[in-house]
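Quick caveat: nothing in here was measured; it's all calculated off a predicted structure. Only heavy atoms go into these numbers, but all of them, side chains included; no hydrogens, no water, no symmetry mates.
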Amino acid sequence: VSRGVAESLGAELAAAVVGIPGARVVSQSTVRAVPDSVRGPAALGRALNVRYLLEGRVQRERRQLRATLRVVRIDRDSTIWARTFNGNAD
């Protein structure tokens with residue numbers, strides 16, 4: 001999947017999360033400013049000073065897209081929600 005498709009999906013997710021009362025979304029530029037030495041969702045969440053982190057992956061196989069998402073609770077380094085979405089790339 002191209003970086004553009006993944007970034008577009010990320011922007012749509014961010015727009016949806018912003019609508020949740022009490023939620024905040026850290027900008028992509030802030031995330032990119034975290035040093036490469038920070039590895040894993042818990043370490044990234046601590047570096048960004050957030051309680052929860054939404055991470056995901058988008059895969060393409062022929063004309064099918066699969067987005068796998070999960071929400072990580074940073075203080076426990078545990079997944080509290082996960083879901084896979086499948087769709088047509090057309």
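- Annotation for N49: atom CG does not count as buried by contact number, only 12 or fewer foreign heavy atoms lying within 6.0 Å.
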Residue pair R51, D75: steps toward the side chain to side chain contact (heavy atoms under 4.5 Å, CB included) verdict: CA-CA 7 Å; R51 292 189 295 166; D75 64 344; over 6 Å; no
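- With rounding to the nearest 0.5 Å, the separation of CG in N88 from CG in L65 is 8.0 Å.
- Summarising the geometry, atom CZ belonging to R70 is positioned 12.0 Å from atom OG1 belonging to T84; distances are rounded to the nearest 0.5 Å.
- Here E55 contributes atom CD and T68 contributes atom OG1; the two are 10.5 Å apart, rounded to the nearest 0.5 Å.
- The two residues G56 and L69 make their nearest non-hydrogen contact at CA-CD2, 3.8 Å.
- In the hydrophobic cluster analysis, where Ile, Leu, Val, Met, Phe, Trp and Tyr join through side-chain heavy atoms closer than 4.5 angstrom, V31 is grouped together with V72.
- Exactly one residue among L44, V25, V26 makes a side-chain contact (heavy atoms from CB on, under 4.5 Å) with V50. That residue is V26.
- Note that OG1 of T79 and CG of L53 are 10.0 Å apart. Values are rounded to the nearest 0.5 Å.
- Considering every non-hydrogen atom in both I74 and G45, the closest pair reads CD1-CA, 3.7 Å.
- Distance CZ/R57 to CZ/R66: 9.5 Å, rounded to 0.5 Å.
- With hydrophobic clusters built from ILVMFWY side chains whose heavy atoms lie under 4.5 angstrom apart, L9 does not share a cluster with V17.
- Pairs passing the salt bridge (charged side-chain N to carboxylate O under 4.0 Å, His left out) check and including a residue from residues 9-37, sequence neighbours excluded, read E7-R32.
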